[in-house]
Amino acid sequence: KSIDGQFYTIMEYLEGENLSIYTRTDARLSIKRVYQVAKEILSALVAMQSLEQPILHRDVKPQNIVWDNEQRFVLIDFNVASFAKDNNDFVGTNPYLAPDLIIDGTKIKWDTSADTFA
């Protein structure tokens, strides 16, 4: 959460599973829920990227999205997030890395399109 230009972490208990079950099994989300997850996660990314110092999550993937009480979808796990766009660390998870941002297989030219791609 941003207050007076400062970024603060707010921890919240989430009750639910991450979305990896929908990539590992035959389980499926309804089209209504697919729309909801897209809308809520993209809204979170827009908010993060609209800050004075944009935040890049850098590891958006089903395992990092929790369906909290089957009501809302929440992006979690900011351990590799970065403020710096000029950070070229090779972090994240294949196949969720934008291939056009990978430099010679060892670095990533991070920008806001990376999270949107994932």
Side-chain angles (χ1 to χ4, degrees):
K1 184 172 185 176
S2 179
I3 301 172
D4 297 327
Q6 298 294 316
F7 186 76
Y8 297 91
T9 300
I10 297 175
M11 293 186 62
E12 171 182 0
Y13 177 75
L14 302 174
E15 182 73 39
E17 299 293 323
N18 68 51
L19 296 189
S20 68
I21 192 167
Y22 299 99
T23 60
R24 295 183 286 108
T25 70
D26 290 336
R28 298 285 177 253
L29 288 171
S30 69
I31 192 68
K32 175 183 174 183
R33 294 298 183 194
V34 171
Y35 175 79
Q36 180 185 356
V37 71
K39 182 179 175 188
E40 291 177 2
I41 298 306
L42 287 171
S43 293
L45 295 176
V46 166
M48 292 165 43
Q49 294 173 3
S50 298
L51 297 171
E52 186 176 322
Q53 247 187 326
I55 298 171
L56 305 176
H57 185 280
R58 304 191 314 168
D59 199 19
V60 177
K61 60 185 177 184
Q63 294 87 336
N64 288 339
I65 299 172
V66 171
W67 193 7
D68 185 33
N69 286 316
E70 295 190 0
Q71 297 294 313
R72 66 189 180 130
F73 295 95
V74 181
L75 185 62
I76 63 167
D77 194 358
F78 286 74
N79 66 330
V80 296
S82 175
F83 285 113
K85 284 186 180 182
D86 60 348
N87 180 323
N88 291 336
D89 292 345
F90 196 97
V91 297
T93 305
N94 279 322
Y96 306 101
L97 295 173
D100 57 311
L101 301 180
I102 298 174
I103 305 167
D104 70 41
T106 62
K107 297 179 183 165
I108 298 178
K109 183 169 176 37
W110 291 103
D111 66 28
T112 56
S113 72
D115 286 344
T116 306
F117 174 87

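Only a predicted model underlies this, so the values are computations on that prediction, with no experimental measurement involved. Just the heavy atoms: all of them, side chains too, but no hydrogens, waters or symmetry mates, feed the values below.
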Between [atom1] on residue [X] and [atom2] on residue [Y], distance to nearest 0.5 Å:
| X | Y | atom1 | atom2 | value |
| --- | --- | --- | --- | --- |
| N87 | K109 | CG | NZ | 11.5 Å |
| L75 | S43 | CG | OG | 12.0 Å |
| S20 | I65 | OG | CD1 | 10.5 Å |

Which pairs would a plain distance check flag for residues 91-105, meaning a side-chain donor or acceptor within less than 3.5 Å of a matching protein atom at least two apart in sequence or in another chain?
residue, atom, partner, partner atom, Å
T93, OG1, D59, OD1, 2.8
T93, OG1, K61, NZ, 2.9
D104, OD1, T106, N, 3.3
D104, OD1, T106, OG1, 2.4

Kindly work out whether a path of hydrophobic side-chain contacts (I/L/V/M/F/W/Y, heavy atoms less than 4.5 Å apart) joins [X] to [Y].
| X | Y | answer |
| --- | --- | --- |
| V34 | L42 | yes |
| L19 | L45 | yes |
| M48 | I108 | no |
| I41 | L51 | yes |
| V46 | V37 | no |

(request) With side-chain contact (heavy atoms from CB on, under 4.5 Å) as the test, would you mind laying out the steps for F90 and K107 before giving the verdict? (result) CA-CA 5 Å; F90 196 97; K107 297 179 183 165; 5.7 Å; no
(message) Strictly distance-based, threshold 3.5 Å: is any side-chain N or O of N69 a donor or acceptor partner for the main-chain N or O of Q71?
(response)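 No: the side chain of N69 does not pair with the backbone of Q71.
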(message) If the condition is side chain to side chain contact (heavy atoms under 4.5 Å, CB included), which residues does A47 pass it with, not counting sequence neighbours?
(response) none
(request) Hey, could you give me each pair passing salt bridge (Lys or Arg N to Asp or Glu O under 4.0 Å) that has a residue in residues 16-40? Not counting sequence neighbours. (result) none
(message) What I'd like to find out is whether the side chain of D68 reaches to under 4.5 Å of the side chain of E15, using heavy atoms alone.
(response) yes
(request) Please identify each residue that fulfils side-chain hydrogen bond (donor to acceptor under 3.5 Å, both in side chains) with E70, with sequence neighbours left out. (result) none
(message) Taking ring pair (Phe, Tyr, Trp, His ring centres under 6.0 Å) as the cut-off, I'd like each qualifying pair that reaches into residues 12-56, sequence neighbours left out, listed once.
(response) none
List, one per line, each side-chain donor-acceptor pair under 3.5 Å for residues 111-118, sequence neighbours excluded.
residue, atom, partner, partner atom, Å
D111, OD1, S113, N, 2.8
D111, OD1, S113, OG, 2.4
D115, OD1, R58, N, 2.9
D115, OD2, H57, N, 2.7
T116, OG1, T112, O, 3.4

(message) Just to verify, what does W110 make a ring-ring contact (aromatic ring centres under 6.0 Å, His included) with, not counting sequence neighbours?
(response)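 Result, ring-ring contact (aromatic ring centres under 6.0 Å, His included) vs W110: none returned.
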(request) Return the minimal non-hydrogen interatomic distance between I21 and T25, and the atom names on each side. (result) O-OG1, 2.6 Å
(message) Looking at every heavy atom in both R72 and Q36, which two are closest together, and how far apart are they?
(response)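 Looks like CA-NE2, 3.8 Å.
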(request) Starting from I76, walk the hydrophobic network (Ile, Leu, Val, Met, Phe, Trp, Tyr; side-chain heavy atoms closer than 4.5 Å) and list everyone else you reach, by chain and number. (result)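 L14, V66, V74, all in the cluster of I76.
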(request) Please lay out, stage by stage, how N18 and W67 fare under the test side-chain contact (heavy atoms from CB on, under 4.5 Å). (result) CA-CA 6 Å; N18 68 51; W67 193 7; over 6 Å; no
